[in-house]
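Note that the coordinates shown come from a computational prediction; the quantities given were computed from them, not determined experimentally. All heavy atoms count here, side chains included; hydrogens, waters and symmetry mates do not. Residues: numbered from 1 along the sequence shown.
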Amino acid sequence: YPNSQVFAFEPSIELQKIIDANCAIREIKTYDFGIGSTNCEETLYVNPDSHQTNSLIASNVFPFKLQKDIKSYKIQVRSIDSLISEFGFPSPQVLKVDTQGFEGHVFLGAKNAMQRVQQVFVESSWLDIESITCLLPMAHHYDLKYVYVVNSVHAGADLVLSRTELKAQNRQPMIKITDDLFYRNWF
């Protein structure tokens, strides 16, 4: 995607300067709100010792910090579909989603956009099973037939969901989602 536009969304006040600095190098446009199912205000739960574990779901921060030490504040959240329809953002071909358990909400707010998305890069965590259980039905619904593990870690993995088989060297899909396989194994 050499001629692509990239948009990054980071609601954490503590991370915004870092994201802005990192993204300025590649002319990536950054925004200081979260992505979810609707346009609303949500509470961001913040681990002051490790902002990579911040989440819009409080229980997803608990494994990393005592509940009494978690900070929180209100943030604005927008849906991807509203960014396209109301604010004129281009429809994405590729999505990268790393929302610490809020993935299902992101996909619910992208029902129209997902019709055109070719690949989804998503961080999944075994610590939040919903981040896993929403992925395969969503992938099936939007015809993202190929699932690849691109970075396996102790508590989860980075996955690529793709409409077409990727031609990377030595990269086989973890699973190919078909109607027969999906319904037989999941319902």
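- The shortest distance between side-chain heavy atoms of His105 and Thr38 does not fall below 4.5 Å.
- Considering only heavy atoms from C-beta on, Phe7 stays 4.5 Å or farther from Cys23 through its side chain.
- Residues Met114 and Leu95 form a side-chain contact, since some pair of their non-hydrogen atoms from C-beta on lies under 4.5 Å apart.
- Within the 4.5 Å cutoff, the side chain of Gln100 has heavy atoms near those of the Glu123 side chain.
- Residue pairs that meet the side-chain hydrogen bond (donor to acceptor under 3.5 Å, both in side chains) test with at least one member in residues 79-91, sequence neighbours left out, are Asn39-Ser82, Ser79-Ser82, Ser91-Arg116.
- Between Val94 and Phe121 there is a side-chain heavy-atom pair separated by less than 4.5 Å.
- With a 4.5 Å cut-off on side-chain heavy atoms, Leu83 and Phe9 count as touching.
- Annotation: Gln115, atom CD; neighbour count of heavy atoms from other residues, nucleotides and ligands within 6.0 Å is above 12.
- Through ILVMFWY side-chain contacts below 4.5 Å, Ile25 is grouped with nothing and stands alone.
- Of all heavy-atom pairs spanning Gly101 and Asn60, the tightest one is CA-ND2, 3.4 Å.
- Paired with Ile75 under the rule side chain to side chain contact (heavy atoms under 4.5 Å, CB included), one option of Thr43, Ile13, Leu44 passes, and it is Leu44.
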Tell me, with the steps shown, if Gln119 and Thr164 meet side-chain contact (heavy atoms from CB on, under 4.5 Å).
CA-CA 8 Å; Gln119 281 101 25; Thr164 58; 4.3 Å; yes
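- Grouping the Ile, Leu, Val, Met, Phe, Trp and Tyr side chains by contacts below 4.5 angstrom, directly or via other members, places Val97 with Phe89.
- Between Leu135 and Phe107 there is a side-chain heavy-atom pair separated by less than 4.5 Å.
- Scanning both residues, Val46 and Asn54, for their nearest heavy atoms gives CA-OD1, 3.3 Å.
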Test Leu144 against Val120 for side-chain contact (heavy atoms from CB on, under 4.5 Å), laying out the working first.
CA-CA 8 Å; Leu144 298 163; Val120 174; 3.9 Å; yes
Could you list the donor-acceptor pairs under 3.5 angstrom formed between side-chain atoms of residues 28-36 and any protein atom two or more places apart in sequence or on another chain?
unit_1, atom_1, unit_2, atom_2, d
Thr30, OG1, Asp20, OD1, 2.5

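- Tyr142 and Lys111 get closest at one heavy-atom pair: OH-CA, 3.3 Å.
- Taking 4.5 Å as the limit, some side-chain heavy atom of Glu41 sits within range of a side-chain heavy atom of Gln76.
- Residues Lys145 and Ser162 bring no donor and acceptor atom of their side chains to less than 3.5 Å of each other.
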Let's go through Leu159 and Val149 carefully: what are the C-alpha distance in whole Å and the side-chain angles of both, what is the deciding distance for side-chain contact (heavy atoms from CB on, under 4.5 Å) to 0.1 Å, and is it a yes or a no?
CA-CA 5 Å; Leu159 305 175; Val149 174; 3.6 Å; yes
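- Taking each heavy atom of Leu56 and Tyr45 in turn, the nearest pair found is O-CE1, 3.8 Å.
- Scanning both residues, Ile80 and Ala110, for their nearest heavy atoms gives CB-CB, 3.9 Å.
- For the residue pair Val61 and Ile70, the shortest heavy atom distance occurs at CG1-CD1, 3.7 Å.
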